[in-house]
Amino acid sequence: MTTTILRIDDGGLASLAVDASGPVSARRALGAELDAAADVLVLGAADGGTGPDRTAAAGFLLALTRRVVVVPVVGGQQHPINVARAVATLALLHDRRIGVAAQDPALLGVLARLWESWPLDSVVADVEAGVYVDASRIRRIVHPSSPIGGPLTVPVAADDTPPTLLVSPGRGAGGGPAAAEPTAADAGDGVELVLDLGSIPLWRRGRPARDGSGPARSARRVLGLGASVPVAEGVPAFDGAGSAEQV
């Protein structure tokens, strides 16, 4: 089955916000239209840009829709911890229908490590023993491009982290998404897919629609990815006294 991927640029996102400011019926109709338009919506330009906060736009679109996967393109103007926390929160709220894309593979590597820093299954929630979480499994991340230590303040399922996509400006519009150089394997740890952004058609009102029904599927399933594999183990975040400087 072919996966349909479309892109919404910043102008399109602004137009959608206006269109969704009307009655509830208009928002429902817009959500149904987006669900029928594509399997994946990529938000923004290749460089991450200085435009609107596309993670906020992703939350807006996920709230409107029921099945489409949303992938915001982020850049250096957003702090990696803010991006990681926002995307992890949206994944928990919306059936894990979100990934993240960037032109900088190092940024994707930091995000992937942050999502590993607090595994969801470390939450014990043992009321009788008075243990909320197995603190030994919360890790401080290590990445050569960033002094960020973490851990992230949102637990993430270790086998279902948000997919990370490296985007390229591409070689001009074509018939559909195509892998661009480098490959994900060449790009380094934390990059799972590479997309030629220039070959992804823009979404426009009135494009031919597909069947937008069916159950929601996670971003990993829609993009043909298996369970996520840890990028790096990191170091214990709460060894010793667990002082602030250790975290």
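The first residue of the sequence shown is numbered 1, and numbering continues consecutively from there.
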With no hydrogens and no angle check, is any side-chain donor or acceptor of Thr65 less than 3.5 Å from a backbone partner on Gly31? no
Which distance, rounded to the nearest 0.5 Å, do you find between the [atom1] of [X] and the [atom2] of [Y]?
X      : Y      : atom1 : atom2 : value
Leu193 : Arg220 : CG    : CZ    : 8.5 Å
Arg27  : Leu64  : CZ    : CG    : 8.0 Å
Leu152 : Trp118 : CG    : CH2   : 9.0 Å
Leu223 : Asp39  : CG    : CG    : 9.0 Å
Trp203 : Leu34  : CH2   : CG    : 5.0 Å
Glu192 : Leu225 : CD    : CG    : 5.5 Å

Side chain proximity check, [X] to [Y], heavy atoms < 4.5 angstrom:
X      : Y      : answer
Val74  : Gln78  : yes
Thr89  : Leu93  : yes
Pro162 : Val156 : yes
Arg97  : Val68  : yes
Leu43  : Val70  : yes
Val71  : Ile98  : no
Ile5   : Thr3   : yes
Ile81  : Leu114 : yes

Stepwise, does the salt bridge (Lys or Arg N to Asp or Glu O under 4.0 Å) test hold for Arg54 with Asp10? CA-CA 8 Å; Arg54 299 184 189 117; Asp10 292 336; 2.8 Å; yes
Could you walk me through whether Ile200 and Leu195 pass the side chain to side chain contact (heavy atoms under 4.5 Å, CB included) check? CA-CA 9 Å; Ile200 300 176; Leu195 287 182; 4.1 Å; yes
Using a cut-off of 6.0 Å, state whether more than 12 heavy atoms not belonging to Arg137 lie near its atom CZ. yes
Identify the residue among Ile141, Val100, Val154 that makes a side chain to side chain contact (heavy atoms under 4.5 Å, CB included) with Trp115. Val100
Side chain to side chain contact (heavy atoms under 4.5 Å, CB included) assessment of Val87 paired with Thr55: CA-CA 7 Å; Val87 172; Thr55 55; 4.2 Å; yes
Does the distance from a Lys or Arg side-chain N to an Asp or Glu carboxylate O, for Asp95 and Arg217, drop under 4.0 Å? no
Apply the test salt bridge (Lys or Arg N to Asp or Glu O under 4.0 Å) to residues Asp35 and Arg66: give CA-CA distance (whole Å), side-chain angles for both, the deciding distance (0.1 Å), then the verdict. CA-CA 7 Å; Asp35 276 333; Arg66 294 293 175 267; over 6 Å; no
Hey, mind stepping through Ser15 and Arg205 against side-chain hydrogen bond (donor to acceptor under 3.5 Å, both in side chains) and telling me if it holds? CA-CA 10 Å; Ser15 176; Arg205 303 301 295 263; 6.0 Å; no
